[in-house]
Amino acid sequence: MYILGLTSFAHEATCALIKDGQLKFLIEEERLNREKHTWKYPANAIRECLKREGITINDVAHITFFWVPKKEIVDNLAHFLKYFPASLNLLAAKSGGNELKFLERVRLMSSIGRSIQQQFDLPHTPQVHFVEHHLCHAASAFFVSGFREAAILTADGRGESASTVMCVGRENHIEKIREIKVPHSLGHFYAAITEYLGFKPFFDEWKVMGMSAYGKDTFVKIFEDMILLNEDGGYHLNLKYFGFHTHGQARWVSDYLIEKLGPKRERTREYDQRHFDVAFGLQRVIEKTGVHLCRALHQTTKLSNLCLTGGVVLNCLMNKKIIESTPFKDVFIQPIANDAGAALGSALYHYHQNLKRPQSSVFEHVYHGPQFSDEDIENVLRAKGVHYYKSENVARDTARHIADEKIVGWFQGRMEAGPRALGNRSIVVSPLHAGMKDRLNARVKKREHFRPFAPSVQEERAKEFFRMPRDFKSPYMILVGEVLEEKRSVIPAVTHADGTARVHTVSKKVNPRYWELIDEFAKITGVPVIINTSFNENEPIVCTPKDAVECFLRTEFDVLAIGNFLVTKEG
Ligand SMILES: [Fe+2]
């Protein structure tokens, strides 16, 4: 039985295709339409999922959607009335992290069936099962966690009205036990400070997390007044600091916040210590709140397993604190924690909860996108007229280039789903010299100096370099560890200012070719660690060989390892 799960008209338009509860494909529309974080109807992603699986829309038994637009209207009436007449501004404000206004977005969501009908020229509007947003997130984690029962925490900007939800999952059933509604939202809190610091909310939260390592505790007390932890295990925002509850994205923070923290940073202005201290204060209270929520969830459920998901759990510093400071024995963090994962979750929820099918799959990797044969790749290389050769051992040849301090594009196998490149659409360089970070930034990534680059390490040798929270593996780069003091000078290019690194542990079983690449690098240098950053340049991660070659030609990469081919710039 095929189920097609969709996210659209909000962050990360996505199509996920499951068959009998197993994920077959998950593709974000941005990878195909090349608009970063696109919200648009995922026509390309749907077409690609069906084509790759060799089926048509008529083979799909059910279509599911990651949101219940009617619920959003009903649930928000109370909010609207409570803040009336200031809340009238919400009708005019942009909504859902994009340029759509509220009513337009709700109309588009409600008529998703008609969009599908039009795309495939169907005689009737197909039935669409709308699934509550946070239950989609919860399902995307629990049903593939391998746990028979678990406590579940989901946290994001917002769903229809909830921003933080606690659930219990048992077998094929998820039960909601508590929810916190907007305007009280960890995601919106983080977005508000992201905007205050001169970045783009819902896009640049990574930057703020990176900045926090350079900050001091100057503003922690003020931040502790912005988010108040309730004795019952919940939290609420002190709204005198914010403006988004009445003005949406047009006014994230209030004059009171500016009075307390100083003026906003203009986008084009340089950074000073105050900005780093603001990021530090925010990060500390987010971590504290995450731990507070999970402790309460444990106390209520007494369960030993925890599932985490929702966009807020992309905060890998918070995840470290949760693992270290709560009593849960095992933790599964869904790596596609953003709304792309909600597309999958809507399909899984329908399959298990509504259709009552038993738990059937365990999430083992993120390689759920398209792949391309050597023949496909060579056709592109020929058409582009680049200088290339076919390698007998692409891992060994590429490792030599990395050891020679070259910047290498690495394009292999199926594209990753989710926000992280994990060794199939990656840029890989040597971590052995501190200067590599600046070189990579100057030539390709153009990132701010305070953003760290992350290491991939052979899973079985991770302990030689990193201290992970409770020795957890980190196959999805969603958890930070500490670089061992004696190794910081060995791999300086991946050691962040606070001594941490966002580690990617690579398993030979899950990604043998990427593991071999690191192994060949270790044979040359003695170090089983390479820098891994996403294969892109201010654009979505590359998807096709054409995207990869064009990015390679446009930027200052030295080498492209694509399938079994090595492409160089010198002819
Ligand atoms: Fe979400």
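Side chains are part of it too, since the values below use all heavy atoms of this structure and drop only hydrogens, waters and symmetry mates. First listed ligand is number 1; within each ligand, the first listed atom is number 1. Nothing fancy with the numbering, it's 1 onward along the sequence. This is a predicted model, so every value here is computed, not measured.
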Excluding waters, which are neither shown nor counted, protein N/O/S atoms under 2.8 Å from the Fe ion (ligand 1) come to 4

If you look only at pairs with a residue in residues 279-308, which of them pass as a salt bridge (charged side-chain N to carboxylate O under 4.0 Å, His left out), with sequence neighbours excluded? Glu224-Lys288, Arg284-Glu287, Glu287-Lys321

Flag side-chain contact, heavy atom, 4.5 Å: Ser534 against Ser426: no

Residues in side chain to side chain contact (heavy atoms under 4.5 Å, CB included) with Lys19, at least two apart? Tyr2, Lys24, Glu53

Salt bridge check, Glu539 against Arg34: does any charged N sit closer than 4.0 Å to a carboxylate O? yes

Output all residues satisfying side chain to side chain contact (heavy atoms under 4.5 Å, CB included) with Asn305, sequence neighbours left out; order by chain, then residue number. Phe147, Ala150, Asp330

Got a salt bridge between Lys207 and Glu448, using NZ or NE/NH1/NH2 to carboxylate O under 4.0 Å? yes

